[in-house]
Amino acid sequence: MEDKASLLRGRRTKIVSTLGPASSTKEMIQTLFFAGVDVFRLNFSHGTHEEQAARYHIIRELEKETGKVIGVLADIQGPKLRVGNFADGKVILKTGAIFRLDLDKTLGNEERVCLPHPEIINSAEPGCRLLLDDGKLCLIVRKVGKDFLETEVLVGGPLSNHKGVNVPDMILPIPALTEKDHKDLKFALELGVDFIGLSFVQRPEDVQEAKDISNGRAWIVTKMEKPQAMQNIDAILELTDGVMVARGDLGVEMPPEEVPLAQIKIIRKARQLGKPVIVATQMLESMISSPTPTRAEASDIATAVFEGADAVMLSAESAAGQYPKEAVTIMDRIISRVEKDEEWRKLMEATREQPHNNVADAIVAAAQKICNTLETPAVVAFTRRGKTAQRMSRERPDSMIFGVTPTLESARKLALVWGVHPYHSITVDNPACSVEDMVAEASRIVQSYQVVTKGDHMVVIAGMPFGQAGSTNLIRVVDIQ
């Protein structure tokens, strides 16, 4: 395979790529990895457990062959709200018409259809909106009955069987995890995935339920896709391990002009907490069927990078598109070009978060200043669970961050974190590991990747005694001999 130095990404922002029918062979997964993918996404809205397991095992084989840590995210579907069936399979709803939604399973027509979700009927009030078919149609509730809603069609159009329903004005008493989700979550955790993408989050309790089930085996990445989640953003971000700006569903339930502001808000708050944030959905949508992106899409990726997102994500572009390799390649090129720009560096410095009033934050803030002053090529963060490396990432240093950990599970999680090159080292898997041992291992690692040369400086941060959570308290400047 490739030499070590060639496996280092020349950028800090990570790439998440969804696997699907267009990208499930070992050859294609390997191609996408070498094109720049840091984390692969398994979308449990599609495909069987057997198909997802096959993709997962190919990723782990590739990880062993290359020696580079790869993250895997399992995206759990969440509840899907849909209308029932129509007698003719499809109707045309006319603007201004009265349309009834009820619990009657009789086939629908232009006057009514089954809405097999009593939670919506019980939560609705006059004036609430219902968005159908990804927001293409809009109904407003005029009357609420025991088992029906009488609505007026504000925006009409064709409506066919099983089209989705969004309810931006209601908090539904529906858990984020359905029976299917519980099975998928159990399977994904047993498989060994590193991240769980959690859909349909409305309240902090939804995140807590998933965290309780995961029990530390995988990081919970909350998908911000509902207005209710935005209303509870602070409490949700405190609980979650990471966050995804899921602009597709968010754009259905919120006015389009609000979505960019929501994206900025989520990224800023996640950065303040030092939690990884992914910007997702339609980033290179045109590349599903075109080998080149639109200039607007290139600007969209650049904007996310300028805002300091940890990662940007491809969905259908790499899962079902005609040009998965090209999509990853152009995303890599755009990120790399932005990060070479002087304005990007100035913006990272201007938006650097202030350290919190604790020893660990003081250490990483000092490390960042030393890296800046000495222009060090690398800072090595020794960490057991990844927190020290995450803290260093929050500082957005110019130097490459090596997150060195004795646990492979922690290394894989760091694959999502901005600027961190995760490295699994069994050398430091010893509570008696000394500072000298760490310095020697750090020197060996950075020199093996050809990151430093004789005469360079390197910064090492760690917690002593090593392996004790939350004990980042050591900083050492090393001269490379």
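All values reported here derive from a predicted model rather than from experimental measurement.
Remark: Lys413 NZ to Phe195 CZ distance equals 7.0 Å, nearest 0.5 Å. Distance check, rounded to the nearest 0.5 Å: CD1 of Ile196 to NZ of Lys223 gives 11.5 Å. The distance from the CG atom of Leu62 to the CZ atom of Phe34 is 6.0 Å, given to the nearest 0.5 Å. Taking CZ from Arg11 and CD1 from Ile335, the interatomic distance works out to 5.0 Å, rounded to the nearest 0.5 Å. Remark: Ile401 CD1 to Trp418 CH2 distance equals 6.0 Å, nearest 0.5 Å. In this structure, CG on Leu177 lies 6.0 Å from CG on Leu185, to the nearest 0.5 angstrom.
Closest of all the heavy-atom pairs between Val305 and Thr13 is CG1-OG1, 3.8 Å. In this structure, Ser318 and Ser17 approach most closely via the heavy-atom pair OG-OG, 2.9 Å. For the pair Ser425 and Val428, the tightest heavy-atom approach, listed with the atom from each and the gap, is O-CG2, 3.5 Å. In this structure, Val328 and Gly36 approach most closely via the heavy-atom pair CG1-N, 3.9 Å. The nearest pair of heavy atoms linking Ile288 to Ala316 is CD1-CB, 3.7 Å. In plain terms, the two heavy atoms of Ala302 and Val338 that are nearest each other are CB-CG2, 3.6 Å.
Side-chain atoms of Lys14 come within 3.5 Å of backbone N or O of Val420 as a donor-acceptor pair. Between the side chain of Asp361 and the backbone N or O of Pro355, no donor-acceptor pair lies under 3.5 Å. Distance alone, capped at 3.5 Å, is enough to place a donor-acceptor pair between the Ser23 side chain and the Gly20 backbone. Side chain of Arg396 to backbone of Gly308: a donor-acceptor contact under 3.5 angstrom is found. Side chain of Lys275 to backbone of Val243: no donor-acceptor contact under 3.5 angstrom is found. Looking only at distances, a side-chain donor or acceptor of Tyr56 sits under 3.5 Å from a matching main-chain atom of Gly192. Between the side chain of Asp310 and the backbone N or O of Ile278, no donor-acceptor pair lies under 3.5 Å. When atom types are taken as modelled, the side chain of Gln390 and the backbone of Gly274 share a donor-acceptor pair closer than 3.5 angstrom. Between the Gln30 side chain and the Thr25 main chain, no donor and acceptor come within less than 3.5 Å of each other. Side chain of Glu297 to main chain of Glu285: a donor-acceptor pair is present (N/O by atom type, distance under 3.5 Å, no hydrogens or angles).
Within 6.0 Å of atom NZ in Lys80, more than 12 heavy atoms from other residues, nucleotides or ligands are found, so the atom counts as buried in its surroundings. Atom NZ of Lys211 sits in a crowded spot, with more than 12 heavy atoms from other residues, nucleotides or ligands closer than 6.0 Å. Annotation: Lys180, atom NZ; neighbour count of heavy atoms from other residues, nucleotides and ligands within 6.0 Å is above 12. The local environment of CZ in Arg444 is crowded, with over 12 non-hydrogen atoms from other residues, nucleotides or ligands closer than 6.0 Å. The environment of Asn357 atom CG is sparse: at most 12 non-hydrogen atoms of other residues, nucleotides or ligands sit within 6.0 angstrom. Surrounding CZ of Arg345 are more than 12 heavy atoms belonging to other residues, nucleotides or ligands, all under 6.0 Å away. Atom CD of Glu257 sits in a crowded spot, with more than 12 heavy atoms from other residues, nucleotides or ligands closer than 6.0 Å.
Between Phe187 and His49, the two ring planes are parallel [angle under 30°; tilted spans 30° to 60°].
Inter-residue side-chain proximity for Glu307 and Arg271 is flagged as unmet; no heavy-atom pair is nearer than 4.5 Å. With a 4.5 Å cut-off on side-chain heavy atoms, Leu284 and Ile301 count as touching. Residues Asn232 and Gln202 form no side-chain contact, since every pair of their non-hydrogen atoms from C-beta on lies 4.5 Å or further apart. Contact check for Asp194 versus Val39: no side-chain heavy atoms found under the 4.5 Å cut-off. Between Ile330 and Arg333, the closest side-chain pair of non-hydrogen atoms falls below 4.5 Å. The closest side-chain heavy-atom distance from Val201 to Met224 is not below 4.5 Å. Proximity of Met400 to Leu8: side-chain heavy atoms (C-beta onward) are separated by under 4.5 Å at one or more points. Taking the side chain as every heavy atom from C-beta outward, Lys265 and Met230 approach each other to under 4.5 Å.
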Side chain to side chain contact (heavy atoms under 4.5 Å, CB included) assessment of Leu81 paired with Val167: CA-CA 9 Å; Leu81 309 176; Val167 286; 4.3 Å; yes
Going through the checks in order, is the salt bridge (charged side-chain N to carboxylate O under 4.0 Å, His left out) test met by Glu190 and Lys186? CA-CA 6 Å; Glu190 289 175 350; Lys186 180 175 184 290; 2.8 Å; yes
Between Leu132 and Lys163, is the side chain to side chain contact (heavy atoms under 4.5 Å, CB included) condition met? List the steps. CA-CA 7 Å; Leu132 310 181; Lys163 286 299 181 182; 5.6 Å; no
Between Arg352 and Gln368, is the side chain to side chain contact (heavy atoms under 4.5 Å, CB included) condition met? List the steps. CA-CA 11 Å; Arg352 181 173 293 118; Gln368 192 280 327; 2.9 Å; yes
Could you walk me through whether Thr383 and Met392 pass the side chain to side chain contact (heavy atoms under 4.5 Å, CB included) check? CA-CA 11 Å; Thr383 179; Met392 195 67 243; over 6 Å; no
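With hydrogens and angles left out, the side-chain atoms of Arg247 and Gln263 include a donor and acceptor closer than 3.5 Å. Remark: the Ser399 side chain and the Thr376 side chain contain an N/O donor-acceptor pair separated by less than 3.5 Å. Inspection of the Gln208 and Asp212 side chains reveals an N or O donor paired with an N or O acceptor under 3.5 Å. Side-chain atoms of Asp332 and Thr329 form no donor-acceptor pair, as typed in the model, at a separation below 3.5 Å. Between the side chains of Asp300 and Thr303, no donor-acceptor pair of N or O atoms lies under 3.5 Å. Side-chain contact annotation: Glu51 with Ser24, donor-acceptor N/O pair under 3.5 Å absent.
A salt bridge links Lys26 to Glu65: at least one charged side-chain nitrogen sits closer than 4.0 Å to a carboxylate oxygen. Salt bridge absent: Asp206 and Lys226 never bring a charged side-chain N and a carboxylate O closer than 4.0 Å. Ion pairing of Asp341 with Lys346 is absent here, as no side-chain N (NZ or NE/NH1/NH2) approaches a carboxylate O to less than 4.0 Å. A salt bridge links Asp429 to Arg384: at least one charged side-chain nitrogen sits closer than 4.0 Å to a carboxylate oxygen.
Not a single salt bridge (charged side-chain N to carboxylate O under 4.0 Å, His left out) links Lys68 to another residue, sequence neighbours left out. Applying the side-chain contact (heavy atoms from CB on, under 4.5 Å) rule to Pro175 yields the partners Glu209; only residues at least two apart in sequence or on another chain are considered. By the salt bridge (charged side-chain N to carboxylate O under 4.0 Å, His left out) test, Glu27 is found to be paired with no residue, residues two or more places apart in sequence or in another chain being considered.
A cation-pi arrangement is absent between Arg60 and Phe33 under the rule of less than 6.0 angstrom and at most 45 degrees off the ring axis.
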